[in-house]
Participant: 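Below is the structure I would like to discuss, written out as structure tokens.
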There are 2 protein chains.
Amino acid sequence: MSDERKSQASSLLATHHPSRITSVELISTGSELLSGRTVNTHAQTLAQKLRPLGLNLTRDTTVPDDRAAIAEAVRDALARVDLVFVSGGLGGTSDDLTRDALAQLTGAKLVRHAASLAALEKRYAAMARPVTEVARRQVMVLEGGEGLLNPVGLAPGMMLPHDGKTIFVLPGPPREFVGVLETGVLPRLGKMGRPVFQGLEKLFLCTGLGETEIAERLEKIGLPTPEIEVGYCASAGQIEVRLAAAPEHARLLETQAVAVRTALGAAIFAEERIGLEEAVGRLLTAQHKTLAVAESCTGGLIGHRLTQIAGSSAYFLGGVIAYANESKIRELGVARELLERHGAVSEEVARAMAAGVRTRFGADYGVATTGIAGPEGGTVEKPVGTVWLAVADAAGTVAKLRCFPTTREHVKLWSSQQALDLLRRRLEEF
Amino acid sequence: MSDERKSQASSLLATHHPSRITSVELISTGSELLSGRTVNTHAQTLAQKLRPLGLNLTRDTTVPDDRAAIAEAVRDALARVDLVFVSGGLGGTSDDLTRDALAQLTGAKLVRHAASLAALEKRYAAMARPVTEVARRQVMVLEGGEGLLNPVGLAPGMMLPHDGKTIFVLPGPPREFVGVLETGVLPRLGKMGRPVFQGLEKLFLCTGLGETEIAERLEKIGLPTPEIEVGYCASAGQIEVRLAAAPEHARLLETQAVAVRTALGAAIFAEERIGLEEAVGRLLTAQHKTLAVAESCTGGLIGHRLTQIAGSSAYFLGGVIAYANESKIRELGVARELLERHGAVSEEVARAMAAGVRTRFGADYGVATTGIAGPEGGTVEKPVGTVWLAVADAAGTVAKLRCFPTTREHVKLWSSQQALDLLRRRLEEF
């Protein structure tokens, strides 16, 4: 169980459809992806977009801006699967080598993509700039392939048939990658009529229980079984539990899902992949309640998370980032005497903050955090990571002490998660 | 220039040291990395940690939890480089197959790692739980290799000599990956006395200019040259410019850096890889000034970013998340009449918010954002993405209108970036 991020999707697929037709590989090109500067998000984006079509990403190979390395990686991928994606290296400068690598591999010539050139000329005209040769180089595509207009940037993508297989080429900047994928690739894949296979799954997003505790509870109800696989994925303050089964075991999966709900109870906050802030938002919306936050150690993170959700203005009124002690007194009405007697990181102050922000903002619920995010400021009694959380409502105030002895970023994230969970459980009681 | 995320590090390396000794490959194992659920951050972490040792990540191959795929990828990597890292698949459950794959590849037997077993038993004893067989499976390492104690989790890493080459195996959860990398791998790599090569570079982090504008300004001063390469990396609201040169061109690089500073001027906010929040924090610290924020559309994000920086409590007093209009009036003293006449998203209200929060919190600087994050709420005059930013100080208040017609997440991020940049420029004037 130590390896938190696991999945059994691949083994499930391997059992039922070991087909190269549903497998896809991605070659991500770009030295910046290997230099430590940039995280490669293409694999995640691509997998999410291809899944509804029954296509599974089976390998992602990241190579630098090197013609030979790109060509070799594409050739190797074509030896394994029929559908290969290549990302990046489509700009007009000297380190944009994907076109050349593919030209070398396929023997095709480079030609201008008329629609992309027209779009480029229009854009440059609007900026009153001459179209340079560097700019023009971006609209080259391989002869025999099809250019895919880039709705966001200048360089078009490509669909390239090769030896009965297909290569899709997409620009590297994430917004352009998604843009060409959605407008150019997905419609074409749809038309190619590829077989759609999808294993069934049930998701349970949980808080308040560790992965081992969850696994033990599921073991007690006999999970996993030969038909129902169980996967876990843990991230800061939550565990995703996934039951997976082949389509013929649909009814069994439903029965087991009912058993899981009973076994995990209130720990489950959602049965789809949403964040705790969205789960809380839905509860507030359904109950026509409003919320205000009083954030000390989280510094605005709870408000930030809540406002990532579209429509949050319907229930989120705002709050106070009460970082300095004086602001706890002035903005939230915390008694100076409480702060002096118990310290800012105390149950009494957390409760007063939650109740104070609720009253000030005229909200149904007030949520507060106060803690020591570190790396400085810890003491023997209150080490770094000590956090008090509180939720106030018309019925009173609940508070909870937690300690996450970790980095500043994690203390903040865990605290925001615990505070939202305290609120969620309070909302679910009604 | 359409391919924003580019780098010329690899071409630089290829020119000067095309050596397999300084090259490293990573095999990331885990179906969750290919299912769209998780982003693979190991390549970034590894590249950052290896760079100071003069080692360069030249390929990252992500494969599913599949014994044959793992073994094949490791074998292929060993054919190209002398140092291969493998991550993930070290837990005790059925989809943890890395040990088996490596045993198959190297022919070595699995043996218990005594130190890890002792640590595991101690941990289970503390939880008053029996050590199960699943748990024990995690502490197996390959005979002939060296177990690397996991300071965070249970499964040890491994250092595995093989045919004169070296395989390092690290656990998959990011915190454990970093933990074993830092405590087990880096000290051993240091002792291996690998040659240290490092190209020289100069970094310039910029805001307020587009990539094309920057490139044109650098072109005017004759950059790039045959000796000095230029790379760009753009992310929300900032551009990183990198000059790179071989060690023998150190003096030339310094001269060109001076020219770049003149050409880009106030657009440069840092010459090392820090965020705008940290640059602002340093300016506030140096000038002994304090800051408070009034956030509407950013919803707490600016406060969150500022408080990610250790020691921010020295200059950040807190602020108000004034999401609802009433809170702008009550908490920030914005005149109701201003809101009614100009609307919440207006220059007047932004100015009043910045000045209001500055006064309320007794801060030297007040920063405010008010805008339409979307997807709902836009009008013809004020479309989604319209944002007013303001900074108030003792000398008065400056305000700026920006429009980012993009997603909710991006509107928030861009707004926080623009607000921090407005503050930075104000701070740099003094």
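The sequence lines fix the lettering, A, B, ..., with proteins before strands; numbering per chain opens at 1. The shown structure was predicted, so the numbers you read here are calculated from the model rather than taken from an experiment.
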Participant: When only pairs under 4.5 Å are counted, which of A/E72, A/H410, A/K49 shares the most heavy-atom pairs with chain B?
Facilitator: A/E72
Participant: Flag the pair B/I321 / A/I321 as yes when at least one side-chain heavy-atom distance between them is below 4.5 Å, and no otherwise.
Facilitator: yes
Participant: Given heavy-atom pairs under 4.5 angstrom as the criterion, report whether the side chain, backbone, both or neither of A/T298 touches chain B.
Facilitator: backbone
Participant: Counting only heavy atoms closer than 4.5 Å, note whether B/R360 contacts chain A via side chain, backbone, both or neither.
Facilitator: both
Participant: Go through the atoms of A/E409 and report whether side chain, backbone, both or neither lie under 4.5 Å from a heavy atom of chain B.
Facilitator: both
Participant: Is there a side-chain contact between B/R123 and B/L120 in this structure, where contact means two heavy atoms from C-beta onward sitting under 4.5 Å apart?
Facilitator: no
Participant: Side chain to side chain donor-acceptor pair (under 3.5 Å) between A/S35 and A/E32: does it pass, once the steps are laid out?
Facilitator: CA-CA 5 Å; A/S35 70; A/E32 75 284 0; over 6 Å; no
Participant: Are side-chain heavy atoms of A/R408 and B/S312 found at a separation under 4.5 Å?
Facilitator: yes
Participant: Rounded to the nearest 0.5 Å, how far does CG of B/L317 lie from CD of A/E331?
Facilitator: 11.0 Å
Participant: Ion pair present between B/E201 and B/R242, side-chain N to carboxylate O less than 4.0 angstrom?
Facilitator: yes
Participant: Report which part of B/E240 has an atom under 4.5 Å of a heavy atom belonging to chain A: side chain, backbone, both, or neither.
Facilitator: side chain
Participant: With a 4.5 angstrom heavy-atom cut-off, which part of B/V293 approaches chain A: side chain, backbone, both or neither?
Facilitator: side chain
Participant: Please identify, among B/Q48, B/E326, B/K412, the residue contributing the most non-hydrogen atom pairs under 4.5 Å to chain A.
Facilitator: B/K412
Participant: Sort out for me which of B/S296, B/G300, B/A292 touches chain A most, counting heavy-atom pairs under 4.5 Å.
Facilitator: B/G300
Participant: Measuring heavy-atom distances to chain A, does B/I302 have an atom under 4.5 Å in its side chain, in its backbone, in both, or in neither?
Facilitator: neither
Participant: Does the side chain of B/H42 come within less than 4.5 Å of B/S87's, by heavy atoms?
Facilitator: yes
Participant: For chain B, which of A/T407, A/I309, A/L46 has the most heavy-atom pairs under 4.5 Å?
Facilitator: A/I309
Participant: Does a side-chain heavy-atom distance below 4.5 Å link B/L34 with A/T58?
Facilitator: no
Participant: Out of A/P375, A/A47, A/G318, A/G299, which one racks up the most heavy-atom pairs below 4.5 Å with chain B?
Facilitator: A/G299
Participant: Is it the backbone or the side chain of B/R59 that comes under 4.5 Å from a heavy atom of chain A, or both, or neither?
Facilitator: both
Participant: For the interface with chain B, which of A/A310, A/A322, A/G362, A/A43 has the highest count of heavy-atom pairs at distances below 4.5 Å?
Facilitator: A/A310
Participant: For B/Q308, is it the side chain, the backbone, both, or neither that has a heavy atom closer than 4.5 Å to a heavy atom of chain A?
Facilitator: both
Participant: May I ask you to test the A/N40-A/D60 pair for a side-chain heavy-atom distance under 4.5 Å?
Facilitator: yes
Participant: Does some side-chain heavy atom of B/R37 sit less than 4.5 Å from a side-chain heavy atom of A/R273?
Facilitator: yes
Participant: What part of B/E25 lies closer than 4.5 angstrom to a heavy atom of chain A: side chain, backbone, both or neither?
Facilitator: neither
Participant: Heavy atoms only, distances under 4.5 angstrom: which of A/S28, A/C297, A/A324 has the most pairs with chain B? Name it, please.
Facilitator: A/A324
Participant: Is there a side-chain contact between B/L306 and B/L291, using heavy atoms and a 4.5 Å cut-off?
Facilitator: yes
Participant: Looking at A/E295, A/R330, A/E376, which one has more heavy-atom pairs under 4.5 Å with chain B than the rest?
Facilitator: A/R330
Participant: Counting only heavy atoms closer than 4.5 Å, note whether B/T290 contacts chain A via side chain, backbone, both or neither.
Facilitator: neither
